[in-house]
Amino acid sequence: MANRDHAQTAAAIPRQLLTQLKMLRDEMACTATLAPIEHLPVDASYRQSAENLLHYLCLRRHEVRETQLHLADLGLSSLGRCEAATLAAVTAVIGILSRLADPPATPPAMPSLRLSDGERLLQEHTAALFGAVPSERAVRIMVTLPPEAAHDAELVEALVRAGMDCARINCAHDTPADWLAMTEHVRAAQQRVGRSCRILCDLAGPKLRTGPVPSAPGVLKIKPARNPYGVVLRPARVRLSFGQTIDSVSSSEPQLPLTAERVPDLRPGDTLRFRDARNSKREMLLLSGEDQTWCGELARTAYFVTGLPLEHFREGKSIGLLRVAELPPREERLTLRVGDLLAIAAEEALTGVPVGDQPEGAPARIGCTLPQVLASVAEGDPVWFDDGRIGGRVESSTAQGLLVRITQITHASGSARLGGDKGINFPNSPLPVHAPTEEDLEHLAFAAQHADIVGLSFVNRASDVLELLEHLERLNATHLGVVLKIETRSGFENLPDMLLTGMRLPRFGVMIARGDLAVEVGFERLAEIQEEILCLCEAAHVPVIWATQVLESLAKQGAPSRSEITDAAMSVRAECVMLNKGPYILKALTTLDDVLRRMLGHRAKKRDLLRRLKVAGRSGGN
């Protein structure tokens, strides 16, 4: 009796699942589900993709986890990998369940879009955006070009040879002249190497940043090399120059500008004696030089400021006086601790208020680059600065700006320094900003003439995408591919609508910009949000760029962390991976190329590929 009841219960499960899935399939295929694209001018290459995205969104509006467990118990597909062809996946399971519940039953007709078709469409869309697939590596590599790429053609050629499939030009930095030189070097490298490399111009978008902080007088610290016990290993070499100015100071190759009524008669062996900015006695030995450039040697640490006098000695006799010429001003920063108050002023630049000169007890003040957004921020809203390194909460909002209480400092010392041009994020505040900005439109004109792809930063809604498309038509630049950078909470929440809008173009992609996105949604939710973006884009057959901090330690310091290698390996789930610039970018590129090649046999999107494992044959004494 018990066995018969168990058999009846077991037989009832397929019927229950069949009923549930049929209802779900009917809803997915109904006219109402597909209505959003009836009047959208979707490109012909994306028509099936748009329908599949709507099928997938319909599926994900339901709670199907219990259904998945029952399907897995029966040895059937749990629908966990159905993104590429959602309706086909559900229909296939219905067909099997129908035969289990009623063997003579006729399985339902399969839709035209199968799993292999979805995979093919994604590959075609990726090739349209980034060019032909590289040999032995399905995932493309994008590299952010450093400033030296504007004048170092050999570096650009080395990047192309090492596997750069797309060169990213960040239009938030450098100048149009630099960008033009970079594009020319990339095009020339393609010809010499015989390898395709697309060019992406990344528009800055409406990123909210801190305004400039009043600068402080310049200071140059020069110190000799010492061992761990403080013993001088070798004196510091200093380049002395007359009649020249410097744009920045460097501790690795210090240059000290000098001035005098006339160029002095300097000779090797002469000395310059002075009291530095701390009033410490110091002496510099002149080694060699000619005309207006000399090399000096300093055995003890010294601090130089503009106007500092240096007395010229030869054989113990004073023969003249030199002075330090104008040093570049140094950026001042605000030092903040938990509990401090910070005023964000409703003006971009604060002039005449040097840091530390506020009235006693008054909060530190800083401006912002988009002051019009401050009126949309409410009391109690969270705010983050400098990529999430400093957190606070708005205590009050007035016409003059916001008053923020600092609540979190990520630095171990318990304090952090906030300077100008650092990011500000209001993750819970609906800000009245849109992309592209006026500056973006100026840069878009450059991209229309010289680039293959344009990236739109801080895109938040479908109307932003529409506006960009309108400007592309105005510039007769619809040949450009478009990449939407998802880096805000609003951008993620509106992603389905933006995907449908972007499908008007045949060349279209999405970048997961994990830096600002992590601040906006919370670091603890970044992996979850990244997963959802990957799934939505796979359902839309839209190529994804996995970006931000990929092998960052390797690119900047020459050695990767273990977690970075794992992250790089998991990036095989995207269609393209972006590396940021750094002194060791070429090494990072070759490492990423190797990692992606190795992962090719193990994983494709969400599917683990069961390639033969050598280690599996080493048991049993083999």
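Residue indices begin at 1 and follow the sequence shown.
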Asks: Between R461 and D464, does any NZ, NE, NH1 or NH2 come within less than 4.0 Å of an OD or OE carboxylate oxygen?
Replies: yes

Asks: Answer yes or no: is there a donor N or O on one side and an acceptor on the other, between the side chain of N494 and the main chain of A462, under 3.5 Å?
Replies: no

Asks: Treating R405 as the side-chain partner and R393 as the backbone partner, does any N or O pair qualify as donor plus acceptor under 3.5 Å?
Replies: no

Asks: Treating T410 as the side-chain partner and R389 as the backbone partner, does any N or O pair qualify as donor plus acceptor under 3.5 Å?
Replies: yes

Asks: Are any of the side-chain heavy atoms of P382 and F426 separated by less than 4.5 Å?
Replies: no

Asks: Salt bridge (charged side-chain N to carboxylate O under 4.0 Å, His left out), that's the test. Do R514 and D567 meet it? Break it down for me.
Replies: CA-CA 12 Å; R514 299 184 296 177; D567 178 62; 3.0 Å; yes

Asks: Is a donor on one side and an acceptor on the other found under 3.5 Å between the side chain of R333 and the backbone of G419?
Replies: no

Asks: Salt bridge or not for R507 and D43, using N-O below 4.0 Å?
Replies: no

Asks: Does the side chain of D178 pick up a donor-acceptor pair with the side chain of T175 at under 3.5 Å?
Replies: yes

Asks: Scan side-chain atoms only and decide if S457 and K485 contain a donor-acceptor pair under the 3.5 Å cut-off.
Replies: yes

Asks: Distance alone, cut at 3.5 Å: any donor-acceptor contact between the side chains of T144 and R168?
Replies: yes

Asks: Can you check whether E379's main-chain N or O pairs, donor with acceptor, with S397's side chain at less than 3.5 Å?
Replies: no

Asks: Show every ring-ring contact (aromatic ring centres under 6.0 Å, His included) that has at least one partner inside residues 42-65, sequence neighbours left out.
Replies: Y46-H125

Asks: Between R573 and E531, does any NZ, NE, NH1 or NH2 come within less than 4.0 Å of an OD or OE carboxylate oxygen?
Replies: yes

Asks: So, S490 and T488: side-chain donor and acceptor under 3.5 Å apart, yes or no?
Replies: no

Asks: Are there more than 12 heavy atoms of other residues, nucleotides or ligands under 6.0 Å from atom NZ of K556?
Replies: no

Asks: Is the shortest heavy-atom distance from the side chain of L145 to the side chain of L159 under 4.5 Å?
Replies: yes

Asks: State whether D516 and K207 are salt-bridged, where the test is any N-O pair (Lys NZ or Arg NE/NH1/NH2 against Asp/Glu carboxylate O) under 4.0 Å.
Replies: yes

Asks: Do I545 and V577 have side chains that get closer than 4.5 Å, going by heavy atoms?
Replies: no

Asks: Looking only at heavy atoms, what is the nearest atom pair of I453 and L480, with distance?
Replies: N-CD2, 3.9 Å

Asks: Does either side chain, that of T126 or that of E575, offer a donor lying less than 3.5 Å from an acceptor on the other one?
Replies: no

